[in-house]
Each structure stands twice: as structure tokens, then as C-alpha cells.
Enquirer: 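Please find one structure pasted underneath; my questions will follow.
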Amino acid sequence: MAGNIPDLEATARAGTGKGAARTARRAGLVPGVVYGGGSDPVAINLDFNKLLVRLRKGRFLATLFNLKVEGMEDVRVICRGVQRDVVKDLPLHVDFMRLRQTSQVNLFVNVNFLNAETAPYAPAGGMLTINRTEVELRVTANNIPESVDIDLSAANIGDVITSEMVTWPEGSKPVIDREFTIAAISAPKTVSASDDDDEVVAAPAEEGGEE
């Protein structure tokens, strides 16, 4: 299970409805609700500035969070919707869904390339071109991989690493159901003769000119 599930701190919201939501926003908070997982919905508030930072990082709707609310047990949630101001594009309300241990969810997992510096292509000057630094996987909430590890110890110049060549973490599979390229090994760039033709040579002076 991944150990880097980010914490998301919130406070319980006493009231519900538009009045309580407006009060929260005036206090610099964003109202939200947590539902699902076999438990009753819980109204919460999140710090506006902290939430905005996370939203601007991207992937907010595809990130699993460990929700921490004072007085309640931590619970794993995933965002299922962000209501925004139509003019300012700022968050007004957030919906989170609780996840059971066996719940399946789509998450982006980082790709980790192993033995890149000692692979056969390295001494020959080959270059690793990475097409995907992360891959969206279908995983279960209780078995989230830290990363997708790809071993390059046998990689040579001209090799293309595709999804069909990867051993995916146990219980995970790519959301994309077709073969796709993750990385490729290209030959070193060669300097052509034309690259050295930019030097300007002065023409020799003509003999017999006017004195």
C-alpha cells in the first residue's frame, strides 16, 4: 500500500444549507460534504487557501486523500466534484466520496525507471526519452502502489517500452485499454558536416587595385 497518501485537513460543519455555507465562505472556508462508504453524510469545511493550492497543482479529482477531521476517525476519500464560481473560477463547494478497503478507483501513479545509468544503451550515448512520467491505473483502496517500476537493465538503443512490456503492480491495471508508449531509447545525436559550415571566410583582396 502506498505510504504517501496526502492528508487533507478539515473541520466539522455544524449547520447545513445555504446559510451555513455562506457563513463558512465569509470565514475563509470552503464548505463540503463527505458521503458514501456505508455511513451518513458529514458536512465539513476546508481552508480556502490550502484547498486552492491543491487545486492548482492539478489531478485533484484523481488523488486519494486521507481526510482528517477533528473528533472523527481518518477516512480515505476521493473528490467527486468541485463547484466553482462561474466568474472568478474559485471553489465554492467540494464533494468527497468515502472509499471502502475494497473500493476501486482510478489514480495516477508515478513511473520509476530502474538501472537507467548502467543499461547497455548508456555507454553508447543512447538517450532515454520519457513519454509518460505517470500512468493512470485502476487500483483498490487497500492496495495502492508506490510507483510503477520499469527495469532498463537490458535496454538498448532503438528499444521502445510500451504498456504491454510492463509488469504492473499486483491488483492494478492501466485505465487505457490499448497499448501505449511509455519511453524510448534513441541514438545519440550526430553532428553533420553542414553543422560546421557556418564559419564565414573573408574573400582574398584583389591584386592591382587603386593605390
Side-chain angles (χ1 to χ4, degrees), residues 1-8 49-66 76-80 82 84 89 99 103-207:
M1 185 185 303
N4 59 350
I5 298 173
D7 288 338
L8 187 65
N49 292 323
K50 292 180 180 179
L51 177 61
L52 193 60
V53 169
R54 289 192 180 275
L55 289 171
R56 288 176 173 171
K57 286 183 179 178
R59 307 279 194 217
F60 190 77
L61 272 69
T63 300
L64 182 68
F65 292 104
N66 181 49
R76 287 185 179 152
V77 299
I78 190 167
C79 181
R80 280 295 177 249
V82 179
R84 296 174 181 266
D89 195 36
L99 296 178
S103 296
Q104 289 195 320
V105 62
N106 295 351
L107 293 176
F108 284 90
V109 178
N110 290 332
V111 177
N112 184 30
F113 295 94
L114 307 177
N115 303 309
E117 296 180 357
T118 58
Y121 71 83
M127 299 179 60
L128 174 65
T129 300
I130 300 174
N131 295 70
R132 294 176 183 268
T133 58
E134 57 184 9
V135 177
E136 188 176 14
L137 299 180
R138 184 73 170 171
V139 302
T140 53
N142 67 340
N143 190 25
I144 300 172
E146 292 276 2
S147 62
V148 175
D149 295 330
I150 298 178
D151 187 6
L152 299 177
S153 59
N156 289 287
I157 292 175
D159 286 352
V160 177
I161 296 94
T162 71
S163 56
E164 297 295 326
M165 303 165 59
V166 176
T167 300
W168 301 104
E170 183 179 357
S172 304
K173 65 177 183 179
V175 173
I176 300 174
D177 59 0
R178 56 173 173 77
E179 186 175 15
F180 56 88
T181 300
I182 298 175
I185 313 298
S186 58
K189 182 180 179 182
T190 58
V191 179
S192 63
S194 60
D195 293 337
D196 297 327
D197 292 342
D198 296 334
E199 184 179 357
V200 178
V201 180
E206 295 183 1
E207 294 183 359

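FYI, side chains are in, hydrogens and waters are out, and symmetry mates aren't considered; it's all heavy atoms of this structure.
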Enquirer: Checking N143 side chain against A141 main chain: does a donor-acceptor pair fall under 3.5 Å?
Expert: no
Enquirer: What closest approach, in Å, do P123 and P120 show between heavy atoms, and which atom pair accounts for it?
Expert: CD-O, 3.3 Å
Enquirer: Mind listing the closest non-hydrogen atom pair of L128 and L152 along with its distance?
Expert: CD2-CD1, 3.9 Å
Enquirer: Please test I161 against F113 for side chain to side chain contact (heavy atoms under 4.5 Å, CB included), starting from the C-alpha separation and ending with a verdict.
Expert: CA-CA 11 Å; I161 296 94; F113 295 94; 5.5 Å; no
Enquirer: What's the separation between atom OG1 in T133 and atom CZ in F108, rounded to the nearest 0.5 Å?
Expert: 10.0 Å
Enquirer: Hydrogens and angles aside, do R138 and N106 bring a side-chain donor and acceptor to less than 3.5 Å of each other?
Expert: yes
Enquirer: Going by heavy atoms in the side chains, are F60 and R54 under 4.5 Å from each other?
Expert: yes
Enquirer: Could you report the tightest heavy-atom contact between A155 and I185, atom names first, then the distance?
Expert: CB-CG1, 4.3 Å
Enquirer: Looking at every heavy atom in both I130 and A183, which two are closest together, and how far apart are they?
Expert: CA-CB, 4.2 Å
Enquirer: With rounding to the nearest 0.5 angstrom, report the CG to CD1 distance, L61 to I78.
Expert: 7.5 Å
Enquirer: Check whether any side-chain heavy atom of L137 lies under 4.5 Å from a side-chain heavy atom of V148, and answer yes or no.
Expert: yes
Enquirer: Is any side-chain heavy atom of I176 closer than 4.5 Å to one of S163?
Expert: no
Enquirer: Between atom OG1 of T162 and atom CZ of R178, what is the distance when rounded to the nearest 0.5 Å?
Expert: 11.5 Å
Enquirer: Is the shortest heavy-atom distance from the side chain of D159 to the side chain of Y121 under 4.5 Å?
Expert: no
Enquirer: Enter the distance from E134:CD to N112:CG here, rounded to the nearest 0.5 Å.
Expert: 13.5 Å
Enquirer: Could you tell me the separation between the CD1 atom of I5 and the CG atom of L64, rounded to the nearest 0.5 Å?
Expert: 4.5 Å
Enquirer: Where is the tightest heavy-atom contact between V105 and R80, given as atom of each residue plus distance?
Expert: CG2-NH2, 4.4 Å
Enquirer: Does CD in E179 sit with more than 12 non-hydrogen atoms of other residues, nucleotides or ligands closer than 6.0 Å?
Expert: yes
Enquirer: What distance do S172 atom OG and Q104 atom CD have between them, rounded to the nearest 0.5 Å?
Expert: 9.5 Å
Enquirer: Distance-only, no hydrogens or angles: does the D149 side chain make a donor-acceptor pair with backbone N or O of L114 under 3.5 Å?
Expert: no
Enquirer: Kindly give the heavy-atom pair with the smallest separation between S147 and V109, and that separation in Å.
Expert: CA-CG1, 3.5 Å
